[in-house]
Number of protein chains: 4
Amino acid sequence: MTRVAVLGAKGRMGSESVRAINAADGLEVVAEIDQGDSLDLITSSGAEVALDFTQPAVALDNVTWCVEHGVHVVVGTSGFDDDRIAAVRSLLGDAPSTGVLIVPNFSIGAVLMMRFAETAAPFFESVEVIEMHHPDKIDAPSGTAVRTAELIASAREAAGSAALPDATTSDPDGARGAKLGGVPVHSVRARGFVASQEVLFGGVGESFTIRHDSHDRASFMPGVVAAVGAVSGRPGVTVGLDAVLGL
Amino acid sequence: MTRVAVLGAKGRMGSESVRAINAADGLEVVAEIDQGDSLDLITSSGAEVALDFTQPAVALDNVTWCVEHGVHVVVGTSGFDDDRIAAVRSLLGDAPSTGVLIVPNFSIGAVLMMRFAETAAPFFESVEVIEMHHPDKIDAPSGTAVRTAELIASAREAAGSAALPDATTSDPDGARGAKLGGVPVHSVRARGFVASQEVLFGGVGESFTIRHDSHDRASFMPGVVAAVGAVSGRPGVTVGLDAVLGL
Amino acid sequence: MTRVAVLGAKGRMGSESVRAINAADGLEVVAEIDQGDSLDLITSSGAEVALDFTQPAVALDNVTWCVEHGVHVVVGTSGFDDDRIAAVRSLLGDAPSTGVLIVPNFSIGAVLMMRFAETAAPFFESVEVIEMHHPDKIDAPSGTAVRTAELIASAREAAGSAALPDATTSDPDGARGAKLGGVPVHSVRARGFVASQEVLFGGVGESFTIRHDSHDRASFMPGVVAAVGAVSGRPGVTVGLDAVLGL
Amino acid sequence: MTRVAVLGAKGRMGSESVRAINAADGLEVVAEIDQGDSLDLITSSGAEVALDFTQPAVALDNVTWCVEHGVHVVVGTSGFDDDRIAAVRSLLGDAPSTGVLIVPNFSIGAVLMMRFAETAAPFFESVEVIEMHHPDKIDAPSGTAVRTAELIASAREAAGSAALPDATTSDPDGARGAKLGGVPVHSVRARGFVASQEVLFGGVGESFTIRHDSHDRASFMPGVVAAVGAVSGRPGVTVGLDAVLGL
């Protein structure tokens with residue numbers, strides 16, 4: 001039974017994760033830590049793995065503390081940019097025994113969608129991305145759509161694909177969305193959606209679609225459980241769920 | 001057996017229509033007329049109905065000739081704007097015995113999509129239109145998408161619907177498409193599509209989708225046959241397939 | 001402000017309805033009645049409309065009580081078959097002043113889907129229904145799918161449509177679903193779905209799809225609110241949301 | 001420029017392939033061979049690669065002839081079962097210099113769909129396959145759907161996945177389709193489709209869909225061209241496009 005401390009245990013992702021980890025085979029939450037609690041609870045509870053769903057302002061300090069105390073960490077807090085990742089690598093040194101797994105997206109479905117889109121990209125003449133989110137979202141396109149378009153653009157460039165065909169000469173107004181690395185991204189904002197995305201490929205006489213619909217934060221939990229279960233076997237820094245999933 | 005003259009019989013829509021009309025019960029092509037042929041062939045062949053798939057420059061003259069000779073006409077040629085329609089009405093007079101059926105879109109599927117979208121519009125908080133066409137199309141959005149958005153906007157206005165919810169504050173770039181009457185229209189251009197459109201409605205906890213995919217000009221033929229079969233029973237000017245379909 | 005009594009107010013649909021009615025313009029819940037409470041609360045609270053989400057065993061008695069006391073009723077409880085409807089009609093007499101609105105399905109999206117499917121049915125050569133529900137559902141096909149297939153079959157029969165084309169000679173096993181009135185219905189049972197349905201029409205060179213996805217009981221609330229708001233204006237028995245929606 | 005002989009050059013796939021190969025960079029058709037023509041044309045035309053779209057009854061003889069004359073072969077003719085593959089392997093011997101590439105499905109989209117379905121299979125609780133074909137197809141489910149279901153079932157078994165959840169107790173009739181390795185396959189037969197398939201995965205709060213739509217035989221041509229271009233670099237027997245595509 002792997003003993004897990006959850007940091008930010010009272011937040012939305014944290015509290016959902018506590019339930020999911022306790023329900024998973026071989027995992028057990030031994031410390032629920034939130035604002036005002038001492039990090040010493042991690043070691044005093046005997047936790048081997050910490051899961052951080054706190055705030056960007058404190059997450060790096062939390063990770064540093066864990067590494068210094070030999071506790072593996074899964075980082076779900078956003079804002080772990082290249083500088084922070086470099087800082088953690090430096091901290092771990094050349095022969096790390098502790099694992100730090102930084103996960104920008106816990107949705108296994110979204111990770112599979114991005115991977116499949118990247119793989120399929122060189123094989124079709126056309127591709128566009130359509131992402132659908134609730135209308136309270138303030139930015140467009142979504143982060144996942146931006147990342148997907150970048151991966152597609154890189155894969156096409158690496159394969160020497162031609163530019164996407166597009167004879168449009170009249171398009172005076174424009175819709176919500178963007179063109180990223182040459183790949184059009186359409187952003188739909190509609191009540192009834194949480195987070196959905198469709199990657200639409202086309203070739204002569206055919207189309208190929210990869211679509212992910214998430215209706216509930218619960219859909220992130222299999223990714224959280226997989227990450228928490230895998231981090232101790234991966235010393236050093238790992239970014240993204242891909243490696244954990246064997247992709 | 002209704003006797004039909006096809007004008008523009010060697011064009012793409014005309015030649016396909018000749019085949020479809022001859023294959024339909026109760027209809028028969030008796031004259032295939034194209035550039036250089038005399039319109040007298042219409043009357044000399046005994047045609048009761050003419051189907052015009054010619055050019056905007058000559059279509060009004062053709063219709064005038066038919067009305068003057070008591071031949072019912074289905075007009076598939078584009079460019080029949082309000083002025084032309086008024087001219088035909090004036091020609092037919094107050095007690096018309098001849099029918100002129102002007103059809104901007106012969107696709108029964110597209111007509112149903114527009115009608116259903118208009119009917120559903122007041123019942124959902126959100127709506128966006130996504131149209132997908134081949135990448136050789138030069139304009140965006142498509143005419144059908146523009147018309148669909150207008151119908152939705154009018155229906156929502158008539159029902160007193162609130163503006164579509166949209167908290168977007170950051171959308172720096174924009175994608176192919178437009179916002180028409182407040183309704184976002186996304187234009188996808190991809191190989192493998194001919195003419196597709198999806199109307200996406202959303203409400204709390206639900207979404208509702210109407211979609212039409214046309215892969216072949218043959219999909220217009222049921223609409224052509226329905227129009228040709230119905231025009232003699234509709235004296236005066238009729239615009240659109242809706243009435244013919246009983247919608 | 002229309003005063004509303006909710007019967008079965010502690011049940012899942014009842015409690016959700018109390019919230020939705022109180023949030024709606026012009027409606028107010030004045031009595032929340034559940035097992036053990038007296039129906040006298042309906043009249044003592046001054047309710048003009050009652051909404052019944054109780055059990056089949058008691059719903060007819062509740063409706064009878066309401067009619068006898070001149071309270072309009074919306075019936076959301078299942079099991080109101082033709083015999084029960086006839087009993088209510090008889091109770092109301094020839095010049096009813098009280099309205100009884102029996103609603104087998106409060107989902108406006110589902111009602112629109114069925115209506116549109118019925119309207120489209122005569123215009124396409126092929127049609128199949130695919131319904132998707134959570135894997136804890138014990139019966140297949142769903143009631144909505146059965147009703148949809150029946151409406152399609154009736155509409156095709158009324159229009160004199162030919163039988164659906166199907167050259168299948170080898171289909172040894174069969175999948176979850178049924179063929180109803182000649183219309184194939186496929187039943188998908190998968191985690192991640194609540195209640196979804198797609199009606200798929202096909203003709204030469206085209207397909208036409210109507211799809212409804214419901215992810216949350218909240219999607220029924222606009223239908224509940226519409227029914228409660230409309231019942232007092234409809235003396236006598238009305239079955240289904242269609243009339244209320246102006247379809 | 002690789003010199004290619006097409007066997008069965010007057011058939012539907014053969015003639016389409018002649019055009020596609022001649023249009024591709026670096027490939028050139030030097031012999032179009034059909035019934036009654038001598039295989040000597042392969043060598044006399046200087047062809048390095050042969051593409052076989054003939055009949056099961058003669059395809060093995062054609063392959064044998066090619067191997068004996070040192071001509072690489074792409075086999076598109078169906079019916080190459082394990083016995084035939086073993087025969088070709090035996091013919092090629094232990095140090096083959098000639099390549100034989102046997103391709104059950106030239107659709108790159110279909111190959112990607114199967115590969116992605118296999119990869120995603122262990123990550124979702126539920127999965128069903130829906131295949132849609134024209135109504136003149138005589139068998140159900142389609143070969144691609146059967147293969148997809150087998151790959152999913154194997155991947156789930158290898159990962160130790162639980163049985164698909166399904167509480168259905170009442171499903172008296174059944175629809176067109178099958179259950180293969182525990183995976184339900186629904187077969188839709190509708191005008192307007194050529195060959196489409198959707199693989200639908202579901203987990204708590206999410207769904208994940210992979211879909212391929214083929215509307216035209218032309219969609220097989222990129223796979224034909226890829227196979228013809230790659231076979232000379234793959235001595236020995238290779239089965240399937242996967243390896244050629246780098247999957």
Side-chain angles (χ1 to χ4, degrees), chain A residues 16 19-20 23 25 106-125 155 158-162 194-226 241-242 244-247, chain D residues 16 19-20 23 25 106-125 155 158-162 194-226 241-242 244-247:
Chain A
E16 186 100 26
R19 277 193 296 277
D25 284 347
F106 279 103
S107 165
I108 293 177
V111 170
L112 289 171
M113 177 176 56
M114 285 186 273
R115 172 54 62 96
F116 294 165
E118 189 181 14
T119 303
F123 296 113
F124 295 98
E125 190 179 346
S161 305
V194 175
S196 291
Q197 183 173 303
E198 192 167 299
V199 184
L200 187 52
F201 293 98
V204 174
E206 68 178 333
S207 62
F208 185 83
T209 311
I210 306 167
R211 178 170 179 141
H212 182 237
D213 289 277
S214 175
H215 301 298
D216 197 300
R217 195 175 302 116
S219 65
F220 296 122
M221 292 305 115
V224 169
V225 166
L241 274 187
D242 299 60
V244 170
L245 303 178
L247 295 178
Chain D
E16 186 100 25
R19 278 192 295 277
D25 284 347
F106 279 103
S107 165
I108 293 177
V111 170
L112 289 171
M113 176 176 58
M114 284 186 272
R115 172 54 63 97
F116 294 166
E118 188 181 14
T119 302
F123 297 114
F124 295 97
E125 191 179 344
S161 304
V194 175
S196 291
Q197 183 173 301
E198 192 166 299
V199 184
L200 187 51
F201 293 99
V204 175
E206 68 179 332
S207 62
F208 185 84
T209 310
I210 305 166
R211 178 170 179 141
H212 182 238
D213 289 277
S214 174
H215 301 299
D216 197 301
R217 195 175 302 116
S219 66
F220 296 122
M221 291 305 115
V224 169
V225 167
L241 273 186
D242 299 60
V244 170
L245 303 178
L247 296 178

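Keep in mind it's a predicted model, so treat the numbers as computed, not measured. A, B, ... follow the sequence lines: proteins, then strands. Residue 1 opens every chain. Worth knowing before you read on, the calculation uses all heavy atoms, side chains too, and leaves out hydrogens, waters and symmetry mates.
In this structure A:Phe201 satisfies the ring-ring contact (aromatic ring centres under 6.0 Å, His included) test together with A:Phe124, sequence neighbours excluded. Remark: D:Thr209 pairs with A:Arg211, D:Glu198, D:Leu200 by the side-chain contact (heavy atoms from CB on, under 4.5 Å) rule, at least two apart or across chains.
For the residue pair A:Ile210 and D:Phe208, the shortest heavy atom distance occurs at CG2-CZ, 3.9 Å. When every heavy atom of D:Glu206 is checked against every heavy atom of A:Ser107, the shortest pair comes out as OE1-OG, 4.2 Å.
Residue contact with chain D, scored on non-hydrogen atoms closer than 4.5 Å, is absent for A:Ser196. For D:Leu247, the part lying near chain A is the side chain, with the backbone staying farther off; criterion is any non-hydrogen pair under 4.5 Å.
Using a 4.5 Å heavy-atom cut-off against chain A, the contacting residues of residues 217-226 of chain D are D:Ala218, D:Ser219. For residues 114-122 of chain A, the interface with chain D (any heavy-atom pair closer than 4.5 Å) comprises A:Phe116, A:Thr119, A:Ala120, sorted by residue number.
Counting heavy-atom pairs closer than 4.5 Å to chain A, the top residue among D:Ala195, D:Gly205, D:Gly203 is D:Gly205.
Rounded to the nearest 0.5 Å, atoms CG (D:Leu112) and CZ (A:Phe123) are 6.0 Å apart.
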